[in-house]
Amino acid sequence: MEEEGRPLLSSQHAADSPQASAGSVDARAKRPFYVEPRNIVDHDPQERISAEAAILNSRLHYYSRLTGSSDPLLSPPNHVVPQPEEIYIYSPLGIAFKIPEGDQTSKNSSLISIFAIWNTMMGTSILSIPWGIKQAGFTLGVVILVLTGLLTLYCCYIVLKSPRTIKSVDTTDWEFPDVCRHYFGKFGQWSSLLFSLVSLLGAMVVYWVLMSNFLFNTGQFIYNQAHNINVSDSQFGNNGSDQVICPYPVIHPEGDDCGSGGGDAGNDISFGRYWSKTNTVPLYLIVLLLPLLSFRSASFFARFTFLGTISVVYLIVLVTIKAVRLGFHLEFHWFDPTHFYVPEFRALFPQLTGVLTLAFFIHNCIITLMKNNKHQENNVRDLSVAYLLVGLTYLYVGVLIFGSFPSPPLVKDCIQPNFLDNFPSNDVLVFVARMCLLFQMVTVYPMLGYLVRVQVMGQFFGNHYPSFFHVLVLNIFIVGLGVLMAKFYPNIGSIIRFSGAICGLALVFVFPALVHMIPLKREGRLTWLSAVLHSFLIVIGVANVVAQFLM
């Protein structure tokens, strides 16, 4: 009933619709031009329409004039909306043109859909995968990566098919928060919003820490090159010509705090005072990024999304080159650690599960991505292939960095939450990687801020840009959060694992499991085995969050 009360040509609806944004034909926007097939007189390239069809068109135009009325009863009901394949465009000259199959030209092939999912999931988490494997142990880390990928894939499949399980209403334009609202009311709507914001804010904090890191190392590289400074002897440890460093030599084997400080040593005291990774560089970013966050639209920055693909591909090439040059350094110590190697099974493995929950997280936008798939019957197959590619990418980077880390002379516990920190600032290949990632993050950060603004302002004020003051206050809060974390706790591994576990609790495990069981229960088709297995998913999500606070 709520849907039937919408205006005939609501510009807001058209703008907010995923189909409209993707360039496909919106059936509601074509209502005034609908002509029933039986009113087509001649089926030639310029099909003539009958007088009855012309009257129908005028009547629908009359309906459209009533859209400004405050009485929703004057809007045409939804049941008169034609199917996309039945839409004809009517010309006042009496000519009707049929739109072929709902404009299938705007749909994506399976290959493009798979690549879009892979590109969307490939984020900053890839930098922490080697650290996560080190925290879990090599063997257990690989097993956990595979199992987490399978679990998150299944939960994502539940999210993808969830709108189709609701038969009572039209769910064509629904997203997963709409499904949660249908089953859980206001609680589902607000909780899904809250956990979605956790994932977005967590990503923005990680971006700020990484941008501070990359900007610092970029400036350090330029300064050293300009002053002919060789830093090879000023770092802790190296491995011949291909230097691999341990920037924080005080290692706590059962902790994750080896990457929580340091890195600001400079060859010039005055330069180090004004160019500090934790004290000054995070503040310099405010000048650049705070104005960018205030843009009304993020469409300009969306043009640079291809940079994410370039950065990931370059990282894979970089990892391959480093692994070939360094060789593999693996020894299997199953439970007892040695000086240079970590055991294969470690009690710190929940830190990896927290990272992987965010690394495989795409559940809040998978419905939108797959709506544009040309062959809807292949959605499950394409989703599975995309997850397979994502898992293989994480596995490739994680295994190669962990395996090639030179032990001896360095210890495996030196692997940092951002594996690029294990290479000195004068490494040219790593310098290029940092530059690419820095530029990519500068373009993606405003887009994440725009998504936060849309969700927060839309829920509280009903307007995505209520005023400049409202947006400025929100942006100052977001930027301040990033600056504080970059200064006092720049450990992206822990930030990722906490935000991943918390947002994954609701959007990856709890809500998908409940959304799967509730309709089956109502239809009397829920078996005890299915109830136990899906309840176990909820237990996994809760345990994942609790374990992060015990590490």
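Because only heavy atoms are used, hydrogens play no part in the values below, and waters and symmetry mates are left out as well, while side chains stay in.
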Ignoring hydrogens and geometry, is there a side-chain-to-backbone donor-acceptor pair from [X] to [Y] under 3.5 Å?
X	Y	value
Arg453	Val471	no
Thr353	Pro350	yes
Ser212	Trp208	yes
Ser499	Ile496	yes
Gln351	Ala136	no
Asn213	Val209	no
Ser128	Ser125	no
His464	Arg296	no
Asn544	Ile540	no

Inset, instruction - Please check if atom OH in Tyr274 has more than 12 non-hydrogen atoms from other residues, nucleotides or ligands closer than 6.0 Å. - result: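 No.
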
Legend entry - Neighbour count above 12 (heavy atom, 6.0 Å) for Met457 CE: yes

Legend entry - Residues Phe423, Val244; criterion side chain to side chain contact (heavy atoms under 4.5 Å, CB included); working and verdict: CA-CA 5 Å; Phe423 299 97; Val244 178; 4.1 Å; yes

Legend entry - Residues His363, Cys155; criterion side chain to side chain contact (heavy atoms under 4.5 Å, CB included); working and verdict: CA-CA 8 Å; His363 302 62; Cys155 294; 4.0 Å; yes

What is the distance from atom [atom1] of [X] to atom [atom2] of [Y], rounded to the nearest 0.5 Å?
X	Y	atom1	atom2	answer
Thr443	Phe439	OG1	CZ	6.5 Å
Asn422	Asp427	CG	CG	11.5 Å
Met441	Leu210	CE	CG	4.5 Å
Leu369	Leu160	CG	CG	10.0 Å
Asn279	Arg273	CG	CZ	11.5 Å
Lys134	Leu352	NZ	CG	11.5 Å

Legend entry - Test item: side-chain donor near acceptor, Ser113 and Asp382, under 3.5 Å: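 Asp382 and Ser113 do not have a side-chain donor-acceptor pair below 3.5 Å.
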
Nearest atoms (heavy-atom pairs only) where [X] meets [Y]:
X	Y	result
Thr320	Leu400	CA-CD2, 4.1 Å
Pro512	Ala506	CD-O, 3.5 Å
Tyr489	Ser494	OH-OG, 3.0 Å
Ile367	Val159	CD1-O, 3.5 Å
Gln416	Cys414	NE2-O, 2.6 Å
Leu318	Ala433	CD2-CB, 4.0 Å

Legend entry - Lys/Arg N to Asp/Glu carboxylate O, Arg346 vs Asp413, below 4.0 Å: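 Salt bridge: yes.
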
Min side-chain heavy-atom separation [X]-[Y] under 4.5 Å:
X	Y	value
Phe176	Ser192	no
Leu289	Val479	no
Leu293	Met204	yes
Leu145	Ile129	yes
Val342	Gln135	no
Leu151	Val508	no
Lys487	Leu283	no
Asn217	Phe431	no

Inset, instruction - Take Tyr394 and Ile133 through the side chain to side chain contact (heavy atoms under 4.5 Å, CB included) test and state the conclusion after the steps. - result: CA-CA 11 Å; Tyr394 288 149; Ile133 291 178; over 6 Å; no

Assign the ring pair [X] / [Y] to parallel, tilted or perpendicular, where the plane angle (0 to 90°) is split at 30° and 60°.
X	Y	answer
Phe461	His470	perpendicular
Trp275	Phe216	parallel
Phe498	Phe549	perpendicular

Inset, instruction - Would you check if the distance from the ring center of Phe295 to the ring center of Tyr450 is below 6.0 Å? - result: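 Aromatic pair excluded; centres sit 6.0 Å or further apart.
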
Legend entry - Centroid separation Phe405 to Trp131 less than 6.0 Å: no

Inset, instruction - Check each of Ile401, Val319, Asn418 against Pro130 using the side chain to side chain contact (heavy atoms under 4.5 Å, CB included) test, and report the only one that passes. - result: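 It is Ile401; the other options fail the test.
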
Legend entry - Over-ring placement of Lys412 relative to Phe402, 6.0 Å and 45° cut-offs: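 Yes, a cation-pi geometry.
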
Legend entry - Full working for side chain to side chain contact (heavy atoms under 4.5 Å, CB included) between Ser191 and Phe511: CA-CA 10 Å; Ser191 58; Phe511 282 162; 3.1 Å; yes

